[in-house]
Every structure is written in C-alpha cells, then in structure tokens.
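The structure appears right after this line, and notes come after that.
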Amino acid sequence: MTTDDSVQVSVLGLGAMGTALAGALVESGYATTVWNRSAGKADGLVARGAVAAGTAGGAVRSSRVVVVCLLDHESVHEVLDPLAGELAGRTVINVTTTSPAHSRELAAWAERAGVAYLDGGVMATPSMIGRPGSSILYSGSADVFHECRPLLDVWGTSAYFGEDAGLASLYDLALLAGMYVMFAGFMHGAAMVAPAGVTAGEFAARAAPWLAAMTSTFDGLAEVVDGGDYTVDGQQSLTFSSLDDILAASSDQGIGTEAVAMVQRLIHRQIDAGHGEEGFARIIESIRQPG
C-alpha cells in the first residue's frame, strides 16, 4: 500500500509499539518524522526512510499530525506541556495506554490548547501492527478520526466509539482485563499438571483449542446478562459451577489457588445470597456490586 507522501506525520516515542507504528507509516509511504528521548532508537527507522528529530519540538514542527506513544499519562504531559503553543492548530493522536479519566483529561487539555485530539487504544502486539488481527480503538474528535482514517487504517482495523475521549481507553482496558484473567487461568492450569510431568507446551496444545471453543459461549452469556434474567433455561447453575474440586486438586498438587479462588468467591457470594440455582452469568452481579 502506498499513500500521498505529502502527508507528514511525526511519531513521539519509539518503544516497541511506537517503532512499529512509525515503521508501518514509513512502509506505507508517509513522510514520517520520529523522536525519542534516548538516542539511537531512531536509527533503524531512519535507514528505512524516516527523518529523526533532535527534539520533541522539532518533531512537532515537522508535521500537522503528531502521534504520541509514550510510557504513561505523566510522560505525555512531560513531553507535550512545554509544546502546547506549537501544537495549537495541529492534530494529536495519542495511543499511549492511559485510564479513561486520563484520556478525558488529555482531551480537555488539548481543547484548551487549541489542539484537535483523538485517543486510541492499541489492541495488538508490536509485531501485529499492519497485519491481519491488529485493531485500534479510537474516541475523541470525529473530525480527526475521519480525516486521518487512511493513516489509521495502516496500523490495523480502526473502530470509533464517539466523542467521549475516554471510551477507547475503557474498551481497551476492559478487553485487557479479560485477556489477563484468561492468561492467569492458563498459567494456573499449567502449574496444576506440571507435577505430573506435563510440560507447559503440552498443556498449551490442549488449552488453546479448548479456550478458543469456549469463546463461542460469550454471546449466550451476554444475552442473559443484557436480559437480566438468570433463571432462563439452558444455563449451568451457580451451585453446579462451584470450583471446590479444582481448588482441592490444586492444593493437592502443591500450587497456589489465588486465580481460581477469585472466581469461587464471585460464585459463592451469589450462592450465599440465595441464587444458587440461577445461572453462572449471575457472577457479574458480584462484580457490579463489590463487597
């Protein structure tokens, strides 16, 4: 894919993700300027056709569109605050991982500075950028999203969630929550079978297709949750879902039970409240009403 190389883009931050984003822009024909705090990070990109700026200010002055991919919310302010005057009239696309509250705060900061602002959540690893399976979630300025859509689509499938700048971050972190809990469950299972001489690789070969198949139940669970009726037919009851056997077997194998015990607590809070014969999806009420 090639694009109009008169469209100039600057990328601030060349960690693994920033480098991947900048590299995809270069390969797609965008005139790309890059900047990073530490020297040397830009060398590979320069060899591919990017231009390295000596300062963040120099990078900002080089382009109308500025992509920000830094460590955290604080680092975004450290870099952008001194450049507020130079950013006025430009577009900032911030794909730094931040909380919804921080995303909204940055959008308000940008509005005061006269900066068009779009917030993004990257649902991909660096190696996935520009490849099938990569998706980026956006919220904030609709004008920026639509005007920059060709650029955004270079990185992956683009999804826009509206003017509330915090929504992309909210979706991002919610999806990551599901991912990390799944990873913890996989690690727990691998630890369970290890004392029996089963390698993590052998366990993964079994776990991957099983977990992938189980994702087909998400729609059904979601339908129950959205309907608010946990007594509809076809659900596995909370009483039947009790994880006592898993916890006992885990203890017998000499491993920690924290990952599974967390789910057991969610189940038993609903059982103790008299909902044992209702469906497993009801554990969302334990999450919605903590404590």
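- Arg131 is not listed as a side-chain neighbour of Ser134, based on a closest heavy-atom distance of 4.5 Å or more.
- Counting heavy atoms from C-beta outward, Ile284 and Tyr230 have side chains that approach closer than 4.5 Å.
- Here the closest non-hydrogen pair linking Met17 and Ala124 is CE-O, 3.2 Å.
- Rounding to the nearest 0.5 angstrom, the gap separating the CG atom in Asp252 from the OG atom in Ser250 is 8.5 Å.
- Atom CZ of Arg149 has more than 12 heavy atoms from other residues, nucleotides or ligands within 6.0 Å.
- Thr239 and Ser237 share no donor-acceptor pair across their side chains, judged by distance under 3.5 Å alone.
- Looking at every heavy atom in both residues, Thr257 comes nearest to Ser251 through CG2-OG, 3.8 Å.
- Applying the 6.0 Å contact sphere to CG of Asp245 captures no more than 12 heavy atoms from other residues, nucleotides or ligands.
- Defined by atom type and a distance below 3.5 Å, a donor-acceptor pair is missing between the side-chain atoms of Asp172 and Ser169.
- Of the charged side-chain nitrogens involved, at least one lies within less than 4.0 Å of a carboxylate oxygen, so that Arg37 and Glu78 count as a salt-bridged pair.
- Side chains of Val92 and Leu118 form no contact here, defined as non-hydrogen atoms less than 4.5 Å apart.
- If you chain together hydrophobic residues whose side chains sit under 4.5 Å apart, Val95 and Val68 never meet in one group.
- Put simply, the side chain of Val67 does not reach to within 4.5 Å of the side chain of Leu12, judged on heavy atoms.
- When all heavy atoms of His268 and Ser242 are compared, the closest pair comes out as NE2-OG, 3.3 Å.
- Within 6.0 Å of the CD atom in Glu223, the count of heavy atoms belonging to other residues, nucleotides or ligands does not exceed 12.
- Expressed to the nearest 0.5 Å, how far OG1 of Thr98 lies from CG of Leu71 amounts to 12.0 Å.
- No hydrogens or angles considered: nothing links the side chains of Ser62 and Ser10 as a donor-acceptor pair under 3.5 Å.
- Note on Met128: it does not cluster hydrophobically with Leu152, by side-chain heavy-atom contacts below 4.5 Å among ILVMFWY residues.
- Atom CD of Gln264 is separated from atom CD of Glu258 by 14.0 Å, given to the nearest 0.5 angstrom.
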Under 3.5 Å, which donor-acceptor pairs link side chains of residues 203-219 to any protein atom two or more places apart or in another chain?
from, atom 1, to, atom 2, distance (Å)
Thr215, OG1, Ala212, O, 2.6
Ser216, OG, Ala213, O, 2.6
Thr217, OG1, Met214, O, 2.7

query = After noting the C-alpha distance and the side-chain angles of Leu87 and Leu80, does the key distance pass the side chain to side chain contact (heavy atoms under 4.5 Å, CB included) rule?
reply = CA-CA 8 Å; Leu87 284 166; Leu80 297 190; 3.9 Å; yes
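- Each of Leu106 and Val122 belongs to its own hydrophobic cluster when Ile, Leu, Val, Met, Phe, Trp and Tyr are linked at side-chain heavy-atom distances under 4.5 angstrom.
- Annotation for Glu111: atom CD does not count as buried by contact number, only 12 or fewer foreign heavy atoms lying within 6.0 Å.
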Which side-chain N or O atoms in residues 44-58 pair as donor and acceptor under 3.5 Å with protein atoms at least two apart or in another chain?
from, atom 1, to, atom 2, distance (Å)
Arg48, NE, Glu27, OE2, 3.4
Arg48, NH2, Gly23, O, 3.3
Thr55, OG1, Gly58, N, 2.9

key: side chain to side chain contact (heavy atoms under 4.5 Å, CB included) evaluation trace for Val224 with Gln235   = CA-CA 9 Å; Val224 172; Gln235 299 183 74; 3.5 Å; yes
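- At a threshold of 4.5 Å between non-hydrogen side-chain atoms, the residues Ile287 and Leu266 count as touching.
- Here the shortest heavy-atom pairing between Gly18 and Val11 reads O-CG1, 4.0 Å.
- Taken to the nearest 0.5 Å, the CD1 atom of Ile271 stands 5.5 Å off from the CG atom of Leu238.
- For the residue pair Thr96 / His73, no side-chain donor-acceptor distance below 3.5 Å is found, with atom types taken as modelled.
- Interatomic distance, SG of Cys148 versus CG of Asp143, reported as 10.0 Å (0.5 Å rounding).
- Taking the six-membered ring where tryptophan is involved, the planes of Trp109 and His77 are perpendicular, since the angle between them exceeds 60° and thus also 30°.
- Between Leu175 and Leu137, the closest side-chain pair of non-hydrogen atoms falls below 4.5 Å.
- Judged by distance alone, with hydrogens and angles left aside, the side-chain atoms of Ser75 form a donor-acceptor pair with the main-chain N or O of Asp72 at under 3.5 Å.
- There is no side-chain donor-acceptor pair under 3.5 Å between Asp164 and Ser139.
- Side-chain atoms of Arg90 and Val65, non-hydrogen and from C-beta on, never get closer than 4.5 Å to each other.
- Around OH of Tyr171, the count of heavy atoms belonging to other residues, nucleotides or ligands within 6.0 Å does not exceed 12.
- Under a 3.5 Å cut-off, the side chain of Glu278 and the backbone N or O of His275 do not form any donor-acceptor pair.
- Both Leu247 and Met262 belong to a single network of hydrophobic side chains, linked directly or stepwise wherever heavy atoms of I, L, V, M, F, W or Y lie under 4.5 Å apart.
- Within the model, atoms CE of Met182 and OH of Tyr180 stand 11.0 Å from one another, a figure rounded to the nearest 0.5 Å.
- By the rule that hydrophobic residues join a cluster once side-chain heavy atoms approach within less than 4.5 Å of another member, Leu176 and Phe183 end up as members of one cluster.
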key: Val154/Tyr30 under side chain to side chain contact (heavy atoms under 4.5 Å, CB included): CA gap, chis, key distance, verdict   = CA-CA 10 Å; Val154 165; Tyr30 283 94; 3.9 Å; yes
request  = List the steps, then state whether side chain to side chain contact (heavy atoms under 4.5 Å, CB included) holds for Tyr117 with Ser141.
outcome  = CA-CA 6 Å; Tyr117 183 84; Ser141 170; 5.8 Å; no
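- Trp155 has its side chain within reach of Leu25: a pair of non-hydrogen atoms, C-beta onward, lies under 4.5 Å apart.
- Aromatic pair Phe161/Tyr138: ring centres not closer than 6.0 Å.
- Here Arg288 pairs with Glu285 in a salt bridge; the nearest charged N to carboxylate O distance falls below 4.0 Å.
- The two residues Gln270 and Ile283 come nearest to each other via the heavy atoms CG-CA, 4.4 Å.
- For the residue pair Ser99 and Leu173, the shortest heavy atom distance occurs at CA-CD1, 4.1 Å.
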request  = Any chance you could lay out the side-chain hydrogen bond (donor to acceptor under 3.5 Å, both in side chains) test for Asp229 and Thr231, step after step, and finish with the verdict?
outcome  = CA-CA 6 Å; Asp229 183 359; Thr231 66; 2.6 Å; yes
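- For the residue pair Thr157/Ser135, the side-chain donor-acceptor check at 3.5 Å is not satisfied.
- The backbone N or O of Gly13 sits nowhere less than 3.5 Å from a side-chain atom of Asn36 that would complete a donor-acceptor pair.
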